[in-house]
Every structure is written in C-alpha cells, then in structure tokens.
Amino acid sequence: MGDKVGNGRVALVTGASRGIGRAIALGLAERGFDLALNDIARQADVLAETAAEARALGVRVAEVHADVSSKDEVQAMVAEAVAELGAIHAVVNNAGILIASDVEHLPETAWDAVMDVNAKGTFLVIQAVLPLMKAQGYGRICNIASIGGKHGAPEQAHYSASKAAVMGFTRVLAQEVGPLGITANCICPGIILTDMGRVNLDDPAISDAWKAKTAMARIGAPEDVAGPVAFFCSDDSAFVTGQTLNVDGGIVLS
C-alpha cells in the first residue's frame, strides 16, 4: 500500500470501471483519496464493483455516470460529485476508446467517436471542474494520453491523433492555470494488458514483439500506471506541470 498522500482529498477518475481506470482508482484509494468514479451508464454494474473495492480501503466513494463526450452529462456529473463529496481536488481523465481501422477505410463515425471521447471528453471535464479548482486555489489535473500519441501504430491514426491532442491541450492548460495553484500533466501508458489491449496481445507473436521493444522485457499491467498518476495528483508534484511522462517500461526513451 502506498503512502497516504491523498489526505482525504477528492479525486474524480473517468472511465474507472475497468483496466487502467480501475487500477488508478484503487491506487488512489490506497493512498487516502476519496473518489468520484465515473463511467457510462451501461457500465454501472462493473463500476459498482470497483467502487466497492475502493470503499473497502476506507475511503468515501461516489459513483457518477456520464458520457464524457456530452457537455450536459459532464456538468451534471461534476455537480453530483461535489454534492456527495464536497469538493474535487484532483481529476484523472482516463476515459478513452479505440476503434481500429486503416486510414483508407476509416469511417467518419469512428473518427468522430474516438475524438469525442478521448479529446473532447478531456476538454469538457476540465472545463467543468476549473471553476471549482480556481475557487479553492488548488487543483491537480492528470490526463491519460498514450505513447501512441507520440509514435502511432497502424490502424490507429484517429486514436494517435486524439492522444496527441490531449498532450497539446495539457501543455497549454498548464500555462493558463499555473498561476491559480493548479497543475496539469499527462501520463502516456505504453503496452498495457487491458481488455482494450488484449485484442492484439492475445497473439503470442505480437506480445513477444512488444516485449522485445521494451527495455524491461515485459507487458505492462494496469497497476503500473497507478503510482505515477498518484504522484501527479499529490502535493509531491507541486512544482511539476505541463509534463508528459511515459509509463511504458522503456519503449519511448525520451
């Protein structure tokens, strides 16, 4: 269990029902953060399981359902979280989707869906919480991008573009909100074994190829992302902002 860096502060985690989001939520709970856990309504049962695990760690938890690509739903989600938990001190924009397709055959609807959740969703959540963070003179923002936003991969042009957008957005955001006591940083996970990643990683040849490209010679686990996120959500990172941290076991060495 990590140090209690949360000290009862409240973190909102989007896309928290499974995979990296679930691991982040539980990692923050272990460190003493109360949690507003988000996912879309059809994931309510799975989100409830994550929430129960977090409550068992002794923190308060609110389950707030919303599609992050909908401004009205995001605004309602933030209001509900504050009504139940009293504040939002940290935000982890983790909600994301991937619909694989090569560029030539990529449907416009798939491009829009990926951009709406991954890029616009991050923007809408930040826009909703900024007035709260400004009023309290404190905030920690951690946006989950991807190493795919740096070097890309076949059949992921729209995904890579969306994650590159998140990184650029975060760099500008950090400059705007820094004087207000708010930091904004990005995490770029590498090859992580989640339901989304398992589509390719179940193929031993693909899995072995990625291991060979990774300095640590293994595929990442969702829990590998939780510690770096907790750092950006805590006061340990009080003088760190506008940064992008690769959490990839040594694929992108920069």
Side-chain angles (χ1 to χ4, degrees), residues 11-22 24-25 36-44 46-47 50 63-81 88 91-132 141-174 176-177 184-189 192 194-197 199-200 225 229 244:
L12 167 64
V13 183
T14 68
S17 63
R18 298 182 298 175
I20 291 174
R22 173 184 172 277
I24 289 169
L37 300 183
N38 155 267
D39 217 314
I40 53 178
R42 67 173 177 269
Q43 294 291 340
V46 185
L47 185 66
T50 300
E63 299 164 52
V64 286
H65 304 118
D67 177 349
V68 297
S69 68
S70 164
K71 182 171 184 175
D72 288 345
E73 290 190 33
V74 167
Q75 293 283 341
M77 171 188 73
V78 169
E80 181 181 354
I88 295 175
V91 172
V92 183
N93 278 300
N94 169 75
I97 62 172
L98 168 61
I99 305 168
S101 173
D102 63 9
V103 172
E104 182 180 0
H105 302 101
L106 175 62
E108 183 181 357
T109 53
W111 174 278
D112 289 344
V114 169
M115 284 293 185
D116 281 352
V117 174
N118 298 1
K120 187 173 79 169
T122 296
F123 153 66
L124 290 176
V125 172
I126 296 305
Q127 194 173 60
V129 300
L130 274 182
L132 304 171
I141 296 166
C142 182
N143 295 325
I144 307 300
S146 170
I147 62 168
K150 293 188 171 185
H151 66 68
E155 299 191 342
Q156 295 185 17
H158 47 328
Y159 180 80
S160 296
S162 72
K163 293 303 188 178
V166 168
M167 287 185 272
F169 171 78
T170 303
R171 285 190 287 268
V172 174
L173 177 66
E176 292 185 359
V177 302
N185 294 285
C186 268
I187 295 285
C188 285
I192 308 294
T194 64
D195 288 343
M196 188 165 68
V199 173
N200 289 322
V225 183
V229 170
T244 298

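One is the number of the first residue; the rest follow in order along the sequence. Reckoned from all heavy atoms, side chains included, excluding hydrogens, waters and symmetry mates.
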Heavy-atom check, side chain of [X] versus side chain of [Y], under 4.5 Å:
X: Met167; Y: Cys188; value: yes
X: Thr194; Y: Arg18; value: no
X: Arg22; Y: Val46; value: no
X: Leu124; Y: Val68; value: no
X: Val78; Y: Ile88; value: yes

Kindly say whether [Y] contributes a backbone atom to a donor-acceptor pair with the side chain of [X] at under 3.5 angstrom?
X: Glu73; Y: Asp67; answer: yes
X: Asn118; Y: Lys163; answer: no
X: His158; Y: Ile99; answer: yes
X: Ser160; Y: Ala157; answer: no

Taking all heavy atoms of [X] and all of [Y], pick out the closest pair and write down the distance.
X: His65; Y: Ile40; answer: CD2-O, 4.3 Å
X: Thr14; Y: Ala95; answer: OG1-N, 2.9 Å
X: Phe169; Y: Phe123; answer: CZ-CA, 3.9 Å
X: Asp39; Y: Ser17; answer: OD2-OG, 2.6 Å
X: Val74; Y: Val125; answer: CG1-CA, 3.8 Å
X: Asn94; Y: Gly15; answer: ND2-O, 2.9 Å

Taking atom types as modelled, find out whether Ser70 and Asp72 have a side-chain donor-acceptor pair closer than 3.5 angstrom.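 The answer is no; no qualifying pair exists.
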Donor + acceptor pair across side chains of Thr122, Asn143 (<3.5 Å):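 Result is no, nothing qualifies.
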Name all residues meeting the salt bridge (charged side-chain N to carboxylate O under 4.0 Å, His left out) criterion together with Glu63; count only those two or more places apart in sequence or in a different chain, and write none if there are none.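 Applying salt bridge (charged side-chain N to carboxylate O under 4.0 Å, His left out) to Glu63 gives Arg55.
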Hey, what do you get for [atom1] ([X]) to [atom2] ([Y]), rounding to the nearest 0.5 Å?
X: Leu37; Y: Ile24; atom1: CG; atom2: CD1; value: 11.0 Å
X: Leu12; Y: Asn38; atom1: CG; atom2: CG; value: 6.5 Å
X: Leu173; Y: Asn185; atom1: CG; atom2: CG; value: 10.0 Å
X: Ile141; Y: Thr170; atom1: CD1; atom2: OG1; value: 8.5 Å
X: Lys120; Y: Gln127; atom1: NZ; atom2: CD; value: 11.0 Å
X: Ile144; Y: Cys186; atom1: CD1; atom2: SG; value: 8.0 Å

Enumerate, atom names and distances included, each donor-acceptor pair closer than 3.5 Å involving a side-chain atom of residues 103-117, sequence neighbours excluded.
from	atom 1	to	atom 2	distance (Å)
His105	ND1	Asp102	OD1	2.9
His105	ND1	Asp102	OD2	3.0

